[in-house]
**Student:** 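Quick one: structure below, then a few questions.
Here is how names work: the chains are called A, B, and so on, in the same order as the sequence lines, proteins then strands, and each is numbered from 1.
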Amino acid sequence: MEHKKVRTRFAPSPTGFMHVGNLRTALYEYLIARSAGGEFVLRIEDTDQERKIDGAVDIIYKTLRAAGLRHDEGPDIGGDYGPYVQSERKNMYLPYAQELVQKGQAYYCFCSKERLDSLRENADEPGAGYDRHCRDLPQEEVERLLEQGASYVIRQKMPLTGSTTFEDAVYGTITVDNSELQDQILIKADGFPTYNFANVIDDHTMNITTVVRGSEYLSSTPKYNLLYEAFGWDIPTYVHLPLIMGKNDDGSISKLSKRHGATSFEDLTAAGFLPEAIINYIALLGWAPKDNQEIFSLQELEQVFDISGISKSPSVFDYDKLEWFNAEYIKAMTDEAFAQAAAPYFDKALGEQSFDRVKIASILRQRTVRLTEIPEKVAFFAALPAYGCELFVNKKSKTTLENAGAMLKAAIEAMEALPGWDFDSIHDGLIALAQELGVKNGTLMWPVRIALSGQTVTPGGAVEIAEILGREESLRRLRLGLEKLQHPAES
RNA sequence: GGCCCGGUGGUCAAGCGGCUAAGACACCGCCCUUUCACGGCGGUAACACGGGUUCGAUUCCCGUCCGGGUCACCA
């Protein structure tokens with residue numbers, strides 16, 4: 001038994017965004033390679049010249065980097081099996097196709113696009129396909145047309161009878177009747193290979209041992225096998241992944257796509273999700289560990305990932321669960337790290353004003369689910385919002401329009417007299433005051449917090465907010481609140 | 001429509017012939033509490049259906065139903 005080093009590849013086409021399904025495929029490919037001490041290769045599949053998009057390849061690099069999926073070989077870093085961009089390999093494919101023609105496993109087809117279209121239109125049943133018109137053209141006819149420079153494609157000659165069987169590491173043994181297989185195009189009229197053909201040639205020449213892809217390829221896999229067999233090449237290990245679905249408005253589900261909301265890595269990070277949380281979540285979409293662990297770093301996944309844990313049934317992408325992961329990751333951050341991750345959002349809400357952002361981060365961290373919620377949560381630090389006196393009334397804290405004023409008045413006096421302006425001083429001062437007044441803490445704290453923030457729900461309590469606002473601004477806001485209570489009409 | 005693949009709570013899922021059928025998210029209560037959260041405790045909720053095989057089926061087989069995928073000079 002020879003022991004080949006496991007090599008997987010991520011082979012995206014540059015479409016301009018990274019769909020989460022693609023990202024998960026990349027992740028599993030990465031993990032399968034890493035968990036086996038193997039290699040992970042990046043290959044760009046740009047054989048469709050009509051769909052080229054500028055800058056799309058950079059998005060792929062950026063996403064992989066942000067996700068922490070380092071490739072061992074690729075267009076940007078080279079390797080022993082280059083080039084790693086299919087358009088740069090263009091000349092490699094035709095000779096292989098011609099070899100197949102020699103072997104009688106493929107043939108030239110001169111049918112026009114129009115003919116194929118009308119074939120499809122006139123078909124009784126959907127999925128009728130090509131009628132194999134050129135499959136048995138006489139040799140002389142083929143040569144004559146080639147000499148004339150006629151436009152042609154090369155098609156794979158499928159067996160008309162029998163069946164093809166292959167093994168999939170996830171789905172097991174799958175058999176398909178050969179009569180189901182179309183004589184698929186290998187080389188297009190523009191000279192470029194089709195995706196399917198380029199895939200086989202590249203995977204073989206790049207020594208890929210394990211082909212990982214979405215289960216939408218399950219039914220075309222027999223065609224791949226026939227190709228490998230025709231060349232006499234080793235067939236790779238297939239790992240087909242269950243699809244990621246999205247829930248439609250009517251409650252039905254279908255392959256996750258744009259209409260389901262944020263579905264690309266870029267969309268998700270823009271929506272305030274952390275890359276680590278996204279990776280952790282999608283790792284568990286279609287795969288489960290042996291135990292019940294849910295929070296995994298990429299390094300941990302590299303240790304425990306195993307193909308046997310991949311499930312066969314499709315899974316629905318659940319934003320609620322993703323949010324939970326995101327919140328977990330945020331809670332696990334240090335205040336400093338969180339302040340840094342939140343920086344753009346702080347900038348947006350606080351502008352130039354100099355608050356202690358690490359302190360704000362510390363009260364925000366436990367209650368932030370998505371980074372995008374931050375601006376609205378901290379805006380009151382920058383500017384006291386307009387608010388009405390009714391906010392001072394809270395049943396649970398036993399505050400009323402009547403006692404709130406007295407509380408504020410007492411609080412102002414106590415806070416003015418405070419020797420220092422740090423958490424402990426403010427806290428101890430106010431708690432002592434509440435005791436002195438003979439009221440429960442909430443009765444004092446509620447109106448103070450309302451006056452400081454102008455809103456009923458805030459990150460942090462009265463003490464934290466006061467500390468961050470500073471003595472001067474805090475007292476200003478408290479006096480404003482007191483005035484409001486004393487002259488409700490004017491406010 | 002043909003072919004292929006699936007079907008455990010609303011969602012993600014463990015289970016791989018014998019269990020009171022885990023766990024997580026969401027949801028609902030209660031507790032904690034200077035708001036909201038966090039946290040703690042508890043709760044509602046599932047083997048699609050019908051036949052077999054077996055002493056015994058969520059688990060194995062067949063059928064039905066349901067869902068998804070695929071049938072391009074797209075990947």
**Student:** Between U70(B), A75(B), U35(B), which one does the side chain of Trp446(A) approach most closely?
**Tutor:** U35(B)
**Student:** For Asp117(A), does the CG atom have more than 12 heavy-atom neighbours from other residues, nucleotides or ligands under 6.0 Å away?
**Tutor:** yes
**Student:** Does a distance-only test, which skips hydrogens and angles, find a donor-acceptor pair under 3.5 Å between the side chain of Lys290(A) and the base of A14(B)?
**Tutor:** no
**Student:** Round to the nearest Å and state the distance from Leu256(A) atom CG to G68(B) atom C1'.
**Tutor:** 14 Å
**Student:** Take Ser397(A) and Arg449(A) through the test side chain to side chain donor-acceptor pair (under 3.5 Å) and record every step on the way to the result.
**Tutor:** CA-CA 12 Å; Ser397(A) 303; Arg449(A) 194 174 55 84; over 6 Å; no
**Student:** Among C73(B), C12(B), U11(B), find the nucleotide with the atom closest to the side chain of Leu285(A).
**Tutor:** C12(B)
**Student:** Which listed nucleotide (C73(B), C3(B), A26(B)) is nearest to the side chain of Glu180(A)?
**Tutor:** C3(B)
**Student:** C12(B) P sits how many Å from Leu243(A) CG, rounded?
**Tutor:** 13 Å
**Student:** On a plain distance test, is the side chain of Arg449(A) in donor-acceptor contact with the base of U35(B) below 3.5 Å?
**Tutor:** yes
**Student:** Just to verify, which of Asn199(A), Asp46(A), Asp202(A) counts as forming a side chain to side chain donor-acceptor pair (under 3.5 Å) with Gln86(A)?
**Tutor:** Asp202(A)
**Student:** I want to verify a distance call: between C73(B), A75(B), C12(B), whose nearest atom is closest to the Val153(A) side chain?
**Tutor:** C73(B)
**Student:** Work out how far the P atom of C47(B) is from that of U33(B), and round it to whole angstrom.
**Tutor:** 41 Å
**Student:** When the distance from NE2 of His240(A) to P of C4(B) is rounded to whole Å, what number comes out?
**Tutor:** 15 Å
**Student:** When you measure from the side chain of Glu328(A), which nucleotide among C4(B), U35(B), G39(B) comes out closest?
**Tutor:** G39(B)
**Student:** Quick one: Leu181(A) CG to G2(B) C1', roughly how many Å, whole number?
**Tutor:** 13 Å
**Student:** Let me know, please, whether Ala288(A) or Thr458(A) comes out on the 5' side of the other along RNA chain B by nearest nucleotide.
**Tutor:** Ala288(A)
**Student:** How far, in whole Å, is C74(B) from U59(B) if one measures between their P atoms?
**Tutor:** 45 Å
**Student:** Quick check, are the ring centers of Tyr93(A) and Phe192(A) under 6.0 angstrom apart?
**Tutor:** no
**Student:** How close or far is atom P of A72(B) from atom CD of Glu216(A), stated in whole angstroms?
**Tutor:** 16 Å
**Student:** Under 4.0 Å between a side-chain N or O of Lys321(A) and OP1 or OP2 of U11(B)?
**Tutor:** no
**Student:** State which of C25(B), C36(B), C5(B) makes the closest approach to the side chain of Leu218(A).
**Tutor:** C5(B)
**Student:** I'd like the C1' distance from C12(B) over to U8(B), given in whole Å.
**Tutor:** 12 Å
**Student:** Any N or O donor-acceptor pair linking the side chain of Tyr217(A) to the base of A75(B) at under 3.5 Å?
**Tutor:** yes
**Student:** Is there side-chain contact between Phe392(A) and Thr399(A), with at least one heavy-atom pair below 4.5 Å?
**Tutor:** no
**Student:** What's the gap between A46(B) and A14(B) when it is taken at their C1' atoms, as a whole Å value?
**Tutor:** 13 Å
**Student:** Closest to the Leu116(A) side chain: U35(B), U70(B), C73(B)?
**Tutor:** C73(B)
**Student:** What is the separation between atom CD on Glu464(A) and atom P on U35(B), rounded to the nearest whole Å?
**Tutor:** 11 Å
**Student:** Which of these nucleotides, C25(B), U35(B), C71(B), is closest to any side-chain atom of Asp318(A)?
**Tutor:** C25(B)
**Student:** Over how many whole Å does the gap from Glu323(A) atom CD to U11(B) atom C1' extend?
**Tutor:** 14 Å
**Student:** Can you confirm if the aromatic rings of Tyr228(A) and Phe166(A) lie within a centre distance of less than 6.0 Å?
**Tutor:** no
**Student:** Suppose you measure atom P in C66(B) against the same atom in C28(B); what distance do you get, rounded to whole Å?
**Tutor:** 34 Å
**Student:** Below 4.0 angstrom from OP1 or OP2 of A75(B), is there any side-chain N or O of Thr47(A)?
**Tutor:** yes
**Student:** Determine the Euclidean distance between corresponding C1' atoms of U64(B) and G6(B); express it in Å to zero decimal places.
**Tutor:** 16 Å
**Student:** Need to verify one output field. Residue with the more 5' nearest nucleotide on RNA chain B, Tyr171(A) or Val316(A)?
**Tutor:** Tyr171(A)
**Student:** With respect to Thr164(A), which candidate in Asn225(A), Thr175(A), Asn178(A), Asp177(A) satisfies the side chain to side chain donor-acceptor pair (under 3.5 Å) definition?
**Tutor:** Asn178(A)
**Student:** Considering only A37(B), G69(B), C5(B), which nucleotide approaches the side chain of Arg367(A) most closely?
**Tutor:** A37(B)
**Student:** Around Asp422(A), counting heavy atoms of other residues, nucleotides and ligands shown, do more than 12 lie under 6.0 Å from its CG?
**Tutor:** yes
**Student:** Pick the P atom in G67(B) and in A48(B), then give their distance to the nearest Å.
**Tutor:** 16 Å
**Student:** How many Å lie between CZ on Arg43(A) and C1' on A75(B), as a whole number?
**Tutor:** 12 Å
**Student:** Using atom P of each nucleotide, how far apart are G9(B) and A45(B) to the nearest Å?
**Tutor:** 14 Å
**Student:** Syn or anti for C38(B), given that syn means the glycosidic angle lies within 90° of 0?
**Tutor:** syn
**Student:** Output yes when at least one side-chain N/O atom of Asn292(A) is less than 4.0 Å from OP1 or OP2 of G23(B), else no.
**Tutor:** no
**Student:** Given U34(B), C38(B), C25(B), identify the nucleotide with an atom nearest to the side chain of Gln366(A).
**Tutor:** C38(B)
